[in-house]
Amino acid sequence: MVRIKHRYLLLDILYPDPTTWPRPKPASASSSSTPQLQIHAPTSDALTPSLLAKLVREQVAELFGDWGVGRLGGAGAGGVSVKYLSPATSTAIIRCPRASFRLVWMALTCLEAVPEIDKAGGGRNLTRRCVVRVVRVSGTMRKAEEEAIRRARREILKVRGGAAADDDGILEGLVGGFAEGVSGGNGVGVEVDDVMDEDLSDDGM
């Protein structure tokens, strides 16, 4: 019997505001964590797991056409599924076929907005601009969950740290991986292997 292999993509939904950059250094320690909280803001309850999976499939279809949809298993096959979504932490884990996880990764990178609830009560369909960052690709759900917990603890420490969360730390949180595996050591060219489990980098994909 052939076992169908999957990949699990751990992702963060970030809400950076480029109109506020560059900005001056904060004068007090209490205000230094504010950008961190803005970037890692909660996501609206309008984004459900099924809606996120639909957005990914639509983005794959827009980027790669029928070929991309076929690589995911077809329009109704459910090749992409959201196994975990936390609006409070703006974190999700998406399962997809192993052979096409790079298509899903590209679709997430190109996703520009998520649904937003109209608080004014006008009944309009609102969207909120965002940046989706894939932070880990894993072969098992457990590894993705462990990484999500580790990252959540690190963000809590950054916010509680006050003055320790400076601009460099905030930018590192946006682009990720600079302190761990940067080619050339100049902050440019983060490798794909930096966000993949060790056992995935040599699987021939």
Could you state the interatomic distance from [atom1] ([X]) to [atom2] ([Y]), rounded to the nearest 0.5 Å?
{"X": "Leu52", "Y": "Arg57", "atom1": "CG", "atom2": "CZ", "value": "9.5 Å"}
{"X": "Arg129", "Y": "Leu14", "atom1": "CZ", "atom2": "CG", "value": "14.0 Å"}
{"X": "Arg136", "Y": "Leu9", "atom1": "CZ", "atom2": "CG", "value": "11.5 Å"}
{"X": "Lys54", "Y": "Leu51", "atom1": "NZ", "atom2": "CG", "value": "7.0 Å"}
{"X": "Arg102", "Y": "Thr109", "atom1": "CZ", "atom2": "OG1", "value": "12.5 Å"}

With the side chain counted from C-beta on, respond yes when [X] and [Y] share a heavy-atom pair under 4.5 Å apart, and no when they do not.
{"X": "Ser138", "Y": "Ile93", "value": "no"}
{"X": "Tyr15", "Y": "Arg128", "value": "yes"}
{"X": "Arg151", "Y": "Thr91", "value": "no"}
{"X": "Tyr8", "Y": "Lys83", "value": "yes"}
{"X": "Leu47", "Y": "Ile13", "value": "yes"}

Item to complete: Could you tell me whether the side chain of Arg95 and the main chain of His6 form a donor-acceptor pair under 3.5 Å?
Response: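 No: the side chain of Arg95 does not pair with the backbone of His6.
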Quick check: closest heavy atoms across [X] and [Y], and the distance to 0.1 Å?
{"X": "Val80", "Y": "Cys96", "result": "CG2-CB, 4.3 Å"}
{"X": "Ile117", "Y": "Ser44", "result": "CG1-OG, 3.2 Å"}
{"X": "Leu85", "Y": "Thr48", "result": "CD2-C, 3.6 Å"}
{"X": "Ser100", "Y": "Leu72", "result": "OG-CD2, 3.6 Å"}
{"X": "Ala107", "Y": "Val56", "result": "CB-O, 4.0 Å"}

Discussion item. According to a hydrophobic-cluster definition based on side-chain heavy atoms being under 4.5 Å apart (Ile, Leu, Val, Met, Phe, Trp, Tyr only), do Val104 and Leu63 belong together?
Written reply: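 Yes, Val104 connects to Leu63 through the hydrophobic network.
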Worksheet item: Is the shortest distance from a Lys or Arg side-chain nitrogen in Arg150 or Glu147 to a carboxylate oxygen in the other one below 4.0 Å?
Response: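 Yes, charged N to carboxylate O under 4.0 Å.
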Worksheet entry | Donor on one side chain, acceptor on other, Ser90 and Thr43, under 3.5 Å |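 Side-chain D/A pair, Ser90 to Thr43: present.
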Practice prompt. Given side-chain contact (heavy atoms from CB on, under 4.5 Å), test Arg71 with Val60 step by step and report yes or no.
Written response: CA-CA 10 Å; Arg71 291 280 291 178; Val60 169; over 6 Å; no
Discussion item. Around atom CE of Met106, are there more than 12 heavy atoms from other residues, nucleotides or ligands closer than 6.0 Å?
Written reply: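 Not buried by this count: 12 neighbours or fewer within 6.0 Å.
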Discussion item. Atom CD of residue position Glu112 - does it have more than 12 heavy atoms of other residues, nucleotides or ligands inside 6.0 Å?
Written reply: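 Open.
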